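What you see is a predicted model; the values in this text were computed from it and never measured. Atoms considered below: every heavy atom in the structure, side chains included; atoms not considered: hydrogens, waters and symmetry mates.
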Amino acid sequence: MGGDVLCTNLAVQGGFRVSGASIDGEFDLEGASLSNPDGNALDAYHVQITEDFTFHPGFRAEGRIILSGAVVSAAIGFCGAVLNNAGDVALEAVDVHVTRNFDLGRGLAVNGGIQLDGSNIGTQLSFRDITLTHPGETALSLRMTQARETDLRTQRPIDGTVDARNAHLGTLYDTPDTWPADIRLTETTYDALASPLAAAERLDWLRRGAEGYVPQPYEQLAAVYRRLGHEDEARTVLLAKQRHRRATLPPHIRVWGYIQDTTVGYGYRPLRAGLWLMALLSCGAIFFAVHSPAPLEAGKAPPFNAVFYTLDLLVPIITFGQEAAFAPRGIGQWLAYGLTAASWVLATTVTAGISRAITRQ
């Protein structure tokens, strides 16, 4: 076609096939009604359109819409359309290339699935105010889709799974009120979050996938927080990643994880190490101030100091000359053993945690 194809208010019973068409203009199906419930309502496979490909407003379809392989030099719009192919894919748009926007929002109602795998959208992929229902199945598949912006602020949560694995979503717009119950984010990347939210809220978003422990979504979210300068939020995300990983380990290995978590938060809560040290120092100093150990060599031992004696037990790499000069007995001896063991556990967890944090950063 050397110009526009205007199919306003077209009514078709059966399949409408334009696969392979080349249109040097726009393809307009505003107000059209296509009905082929047992097959393809529209087969526009590998069409090439130099301007807009529009299905709004008032477009209705019973059956599958196929746009796979289409190349559209302007935009595709489905605003206000109604697509019905219950129990199957309603819109198949795999490997579509759109120079500007692919608008699947603003009142679009879809009963069935949407497949956009491998599509490339030059500007914005929008699902703003869409209603999408495909219960128990993949309602929206965005695998390997690429867009500069992605708007997932649907009218209500999508009923079905959202599969965004290996997609690049650019700047992502979403809200907690419309997060789907099941969203797959393995190897999904995005440049920014229009609404970063607190890490605790975003972690609920990550946990909605049913894929088990996958580290990449945590790393991706932490990287976005860091770019925003929210280092505390990034550490919260990475700490949650370690806790999720711990739940997948055998019980005997989890013990070390619990110790690292309690002491230094896997290295992402380093202040805890100082608090633990102060608590142990206070306990030891109070006890030994009341129950002073006897000197090993009377007359040669320095004056006893409960604080520095406890520090000698807690800090193995330095000495104040107290531990070597005094020998506790009974309960004091067991307390000294416990403080020494606690110091090594604390030192080991601090080293492991800081090494992990530095490596990730």
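At least one side-chain heavy atom of Y225 sits less than 4.5 Å from a side-chain heavy atom of P196. Within the 4.5 Å cutoff, no side-chain heavy atoms of T189 are placed close to those of E187. At a threshold of 4.5 Å between non-hydrogen side-chain atoms, the residues L140 and F127 count as touching. Contact of the E51 side chain with the F27 side chain is not registered, since no non-hydrogen atoms from C-beta on lie closer than 4.5 Å. Side-chain contact between L29 and F53 is present, with at least one heavy-atom pair separated by less than 4.5 Å. Looking at heavy atoms from C-beta onward, L104 lies out of side-chain contact with I76 at the 4.5 angstrom threshold.
Taking the six-membered ring for Trp and the full ring otherwise, the centers of H56 and F78 sit at least 6.0 Å from each other.
Between R64 and D88 there is a salt bridge, since a side-chain N of the basic residue sits under 4.0 Å from a carboxylate O of the acidic one. A salt bridge between R202 and D174 is present, with a side-chain N of the basic residue lying under 4.0 Å from a carboxylate O of the acidic one. Using a 4.0 Å cut-off between charged nitrogen and carboxylate oxygen, D52 and R100 count as a salt-bridge pair. Using a 4.0 Å cut-off between charged side-chain N and carboxylate O, D232 and R235 make a salt bridge.
If you check the side chains of T138 and S141, you find no donor sitting under 3.5 Å from an acceptor. Side chains of T131 and Q155: a donor-acceptor N/O pair is present below 3.5 angstrom, by distance only. If you check the side chains of N111 and T133, you find no donor sitting under 3.5 Å from an acceptor. Between the side chains of T171 and E149, no donor N or O sits under 3.5 Å from an acceptor N or O.
Counting all heavy atoms, side chain and backbone alike, V47 lies closest to V18 at CG1-O, 3.3 Å.
Few gaps surround CD1 on I253; more than 12 heavy atoms of other groups in view lie less than 6.0 Å from it. By the 6.0 Å contact criterion, CZ on R245 is open, its count of non-hydrogen atoms from other residues, nucleotides or ligands being 12 or less. By the neighbour-count criterion of 12 heavy atoms within 6.0 Å, atom CZ of R106 is sparsely surrounded, having that number or fewer from other residues, nucleotides or ligands.
Each of L125, D163, I114 was evaluated against L142; a single residue qualifies, L125, per the side chain to side chain contact (heavy atoms under 4.5 Å, CB included) test.
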